[in-house]
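The structure under discussion appears below in the form of structure tokens.
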Amino acid sequence: QVQLVESGGALVQAGDSLRLSCTATGSTFSNYRTAWFRQAPGKEREFVAIISGSGRATFYAESAKGRFTASRNDATNSVYLRMNSLKPEDTAIYYCAAVLGPVLPASSRNRSDPNKYLYWGQGTQVTVSA
């Protein structure tokens, strides 16, 4: 079992960059594939990105491609989401989620389905002002 804690959320201006962190305790994090989701007020939880346990494979939502980068550091048992060129529509609570098994599913649907993830952090707020 793994416990996840996100950090790094902040109030920023459009065009700024931000790096979110997700730190795991309780298990070897490299055994888990880890995803980032976000949820804006009044909207459903939305997939953002996923990274394999090795860190060599990633997959992004269309809204994140070219602007967001997921990475991980086994030494710190952490996964990161670097967000560049932030837009007001990126405003949301950002969650990291993990499931045992380091390899990304072949299906993009399985990669992005929040019901496929067993462990969740509490979320960190990102607010982007225009």
Donor-acceptor contact below 3.5 Å, side chain [X] vs main chain [Y]:
X      : Y      : answer
Ser17  : Asn84  : no
Gln13  : Ser129 : no
Arg67  : Ser63  : yes
Thr124 : Gly9   : yes

Checklist entry - What class does the angle between the rings of Phe29 and Tyr32 fall in, given that below 30° is parallel, 30 to 60° is tilted and above 60° is perpendicular? => result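 Rings of Phe29 and Tyr32: tilted, as their planes differ by 30° to 60°.
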| Between Phe37 and Tyr117, how do the two ring planes meet: parallel, tilted or perpendicular, split at 30° and 60°? | perpendicular
State whether a side-chain donor-acceptor pair under 3.5 Å links Thr28 with Ser30.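 Looking only at side-chain atoms, Ser30 and Thr28 do not form any donor-acceptor pair under 3.5 Å.
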Quiz item: In terms of side-chain heavy atoms, does Ser78 have a donor or acceptor partner in Thr23 at a distance below 3.5 Å?
Solution: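 The answer is yes; a qualifying pair exists.
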| said: Please determine whether side-chain contact (heavy atoms from CB on, under 4.5 Å) holds for the pair Leu81 and Val48, giving the CA-CA distance in whole Å, both sets of side-chain angles, and the decisive distance to 0.1 Å. | reply: CA-CA 9 Å; Leu81 185 68; Val48 177; 4.1 Å; yes
[atom1]/[X] to [atom2]/[Y] distance, rounded to the nearest 0.5 angstrom?
X     : Y     : atom1 : atom2 : value
Cys22 : Arg72 : SG    : CZ    : 9.0 Å
Leu20 : Glu6  : CG    : CD    : 8.5 Å
Arg82 : Leu18 : CZ    : CG    : 8.0 Å

Check: Do Ser112 and Glu46 have side chains that get closer than 4.5 Å, going by heavy atoms?
Finding: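 No, their side chains stay 4.5 Å or more apart.
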- prompt: Is the closest side-chain heavy-atom distance between Ile51 and Arg33 below 4.5 Å?
  reply: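 Not in contact.
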Over 12 foreign heavy atoms within 6.0 Å of CD, Gln122: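 Enclosed.
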Step through it carefully: locate the ring centre of Tyr60, locate the ring centre of Phe47, and say whether they are under 6.0 Å apart.
->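 Here the rings of Phe47 and Tyr60 have centres that are no less than 6.0 Å from each other.
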* Asked: Does Trp36 have its ring centroid less than 6.0 Å away from the ring centroid of Phe68?
  ->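 No, the ring of Trp36 stays outside the 6.0 Å limit from the ring of Phe68, centre to centre.
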Here the pair of heavy atoms bringing Thr58 nearest to Ala70 is CG2-O, 3.9 Å
message: Show the nearest heavy-atom pair for residues Gln39 and Lys43, with the distance to one decimal.
response: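 Scanning both residues completely, I find the closest heavy atoms to be NE2-O, 3.0 Å.
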Do any side-chain atoms of residues 91-104 form donor-acceptor pairs under 3.5 angstrom with protein atoms, and if so which ones, sequence neighbours left out?
residue	atom	partner	partner atom	Å
Thr91	OG1	Pro88	O	2.9
Thr91	OG1	Val128	N	2.9
Thr91	OG1	Val128	O	3.4
Tyr94	OH	Arg38	NH1	2.9
Tyr94	OH	Asp90	O	2.7

message = Go through it in stages, so that I can follow the logic: the residues are Arg111 and Lys116, the test is side-chain contact (heavy atoms from CB on, under 4.5 Å), and I'd like the CA-CA distance, side-chain angles, deciding distance and then a yes or no.
response = CA-CA 8 Å; Arg111 296 175 182 182; Lys116 300 295 185 183; over 6 Å; no
key: Stacked cation flag Arg19 on Tyr80, 6.0 angstrom / 45 deg   = yes
- Evaluate the side-chain contact (heavy atoms from CB on, under 4.5 Å) criterion for residues Ser27 and Gln3: first the C-alpha distance (whole Å), next the side-chain angles of each, then the deciding distance (0.1 Å), finally the verdict. CA-CA 8 Å; Ser27 189; Gln3 294 80 41; over 6 Å; no
Using the rule given for side-chain contact (heavy atoms from CB on, under 4.5 Å), can you reason through Val2 versus Thr25, listing the C-alpha separation, both sets of side-chain angles and the distance that settles it, and then say yes or no? CA-CA 6 Å; Val2 65; Thr25 57; over 6 Å; no
